[in-house]
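What follows is a single structure, written as structure tokens, with notes after it.
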Protein chains: 2
Amino acid sequence: MKRNSRLSLALHTLGHMAGDPDEIRTSADIAEHAGTNPVVVRRVLGKLREADILTSEKGHAGGWRLARQPDEITLADVYLALDESLIATTADEEKPNCSIEQALHSKVTSVMEEIERSLIERLRATTIADVR
Amino acid sequence: MKRNSRLSLALHTLGHMAGDPDEIRTSADIAEHAGTNPVVVRRVLGKLREADILTSEKGHAGGWRLARQPDEITLADVYLALDESLIATTADEEKPNCSIEQALHSKVTSVMEEIERSLIERLRATTIADVR
DNA sequence: GATCACGCAACTTACGCAGTTACTTTACAA
DNA sequence: TTGTAAAGTAACTGCGTAAGTTGCGTGATC
């Protein structure tokens, strides 16, 4: 796998689920299709379950399923469910004792926050049904 | 040091230089002020030299100096000089043989490119003289 | 109760980057 | 011309993060 793998894995899986919402899928099947490991799949999809995007069932004939309709799940929902940020967080300094550092930090931080909001807004315009 | 250290180091240093453009600074001095190592400073500032933001002189009484006026150096110039991206690059897949992955990749890539352009545009509005 | 699935914790591995060391090159000055 | 002070650079180390892996527990169905 590569960088940004969590979001890629999540979206890829959701895309397939959107195409056949009634099918239940196991971590093993998903992992094989995505070329990764069942435990990794559970880690990532577990985040999506916390955000009420997916449900999982244990036991025989268990697995993963969408918790909502595909057209009610936006890319922003998925992005936010994984805490992972595509925007580099400006490392929180302990104490920017230097005034120039303070000015820079506040400037860059405000720009990045604006960009992040803008990103989420754009992601909200697409649902996983659109990429099916 | 922490995350995003290269951009922080670059901007911090340039901010100080903007306050006193005629002073020549050694890597050792800069490193001490920034709490890091002279070699690291040279690595980062070397990138800025390639972008004609700084000049360096070897030998006795050598060091680093701005190559342009402070108000002619934007945050975008610095950001672009360091190749480092604040926007996570969507890992270049070898061959997305899966059609859903293709659709996702192109969608996410186009959003991210738009966001990156937007970021650069905003960074271009501030010069290092503004944070002095 | 056997099996099949997720849940989870702990460990291993891979990778990037800051940090470090050591050496070379260059410029200036005594 | 020799010594010193600076950048340039290559190679190595250490650390943090994330994926990958293993093992065991838990719950549901047959």
Side-chain angles (χ1 to χ4, degrees), chain A residues 1-10 12-13 17 23-67 82-94, chain B residues 1-13 17 23-51 53-67 82-86 88-93:
Chain A
M1 273 179 110
K2 286 135 294 188
R3 252 182 101 201
N4 262 101
S5 46
R6 288 200 291 261
L7 185 60
S8 293
L9 173 59
H12 184 184
T13 304
M17 287 178 160
E23 185 182 342
I24 198 162
R25 282 155 228 258
T26 68
S27 307
D29 290 344
I30 296 167
E32 185 174 11
H33 183 79
T36 181
N37 189 288
V39 177
V40 175
V41 170
R42 287 187 202 119
R43 272 184 207 152
V44 174
L45 300 195
K47 289 280 193 181
L48 301 184
R49 183 186 48 225
E50 291 171 17
D52 288 323
I53 293 171
L54 288 179
T55 61
S56 66
E57 282 161 38
K58 285 182 167 184
H60 199 91
W64 300 85
R65 203 192 306 253
L66 292 180
L82 318 173
D83 310 320
E84 156 194 4
S85 178
L86 291 180
I87 309 290
T89 61
T90 73
D92 39 9
E93 336 273 326
E94 55 273 10
Chain B
M1 275 179 107
K2 285 133 299 189
R3 253 181 103 202
N4 263 103
S5 47
R6 287 201 290 263
L7 184 61
S8 293
L9 173 58
L11 290 177
H12 185 184
T13 304
M17 287 178 160
E23 185 182 343
I24 198 164
R25 282 155 228 257
T26 68
S27 306
D29 290 344
I30 296 168
E32 185 173 11
H33 184 78
T36 183
N37 189 287
V39 177
V40 175
V41 170
R42 287 186 203 118
R43 272 183 207 151
V44 173
L45 301 195
K47 289 281 194 180
L48 302 184
R49 183 186 49 227
E50 292 171 14
I53 293 171
L54 289 178
T55 60
S56 67
E57 283 161 38
K58 284 184 169 184
H60 200 91
W64 298 87
R65 203 191 308 251
L66 293 179
L82 317 172
D83 310 321
E84 156 195 5
S85 177
L86 291 179
T89 60
T90 75
D92 38 10
E93 336 274 325

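Below, chain A is the first sequence line, B the second, and so on; all start at residue 1.
One atom, CG of B:L45, and another, C1' of D:dG8, lie 13 Å apart when rounded to the nearest Å. Regarding B:E50, its CD atom lies at a distance of 13 Å from the C1' atom of D:dT9, rounded to whole Å. What separates CG of A:N37 from P of D:dA18 is a distance of 17 Å, to the nearest Å. Rounded to whole Å, atom C1' of D:dA19 lies 16 Å from atom CG of A:L7. As a whole-Å value, the separation of A:E32 CD from D:dG20 C1' is 16 Å. Taking atom CZ on A:R49 and atom C1' on C:dA5, their separation rounds to 13 Å, with Å as the unit. Going from atom CD1 of A:I24 over to atom C1' of D:dA28 covers 12 Å, rounded to whole Å. What separates NZ of B:K47 from P of D:dG8 is a distance of 14 Å, to the nearest Å.
Note: B:R6 CZ to B:D83 CG = 8.0 Å, rounded to the nearest 0.5 Å. Interatomic distance, CD1 of B:I30 versus CE of B:M17, reported as 4.5 Å (0.5 Å rounding).
Out of C:dA18, D:dT21, D:dG25, the shortest distance to the side chain of B:R6 is found at C:dA18. For B:S5, whose side chain is taken as the heavy atoms from C-beta onward, the closest listed nucleotide among C:dC6, D:dT4, C:dA18 is C:dA18. The B:K58 side chain lies nearest to D:dG8 when the options are D:dG8, D:dT29, D:dG25. Distance from the side chain of B:S56 is smallest to D:dG8 among C:dC6, D:dG20, D:dG8. Here the side chain of A:V40 is nearest to one of C:dC4, D:dG20, C:dT20, namely D:dG20. For A:T36, counting side-chain heavy atoms from C-beta on, the closest listed nucleotide (C:dA18, D:dG20, C:dC6) is D:dG20. With D:dA11, C:dT21, D:dT29 as the choices, the nucleotide that has an atom nearest any side-chain atom of B:R43 turns out to be D:dA11. Residue A:H60 has its side chain nearest to C:dT3 when only C:dC8, D:dA7, C:dT3 are considered.
Side-chain N/O atoms of B:R42 include none lying less than 4.0 angstrom from OP1 or OP2 on D:dG8.
Residues B:T13 and B:R25 fail the side-chain proximity criterion, which asks for heavy atoms closer than 4.5 Å. Using a 4.5 Å heavy-atom threshold, the side chains of B:V39 and B:R43 count as touching.
Toward the 5′ end of DNA chain D lies the nearest nucleotide of A:V39, the other residue of the pair A:A61 and A:V39 mapping further downstream.
In B:E32, the CD atom is not crowded: 12 or fewer heavy atoms of neighbouring residues, nucleotides or ligands sit closer than 6.0 Å.
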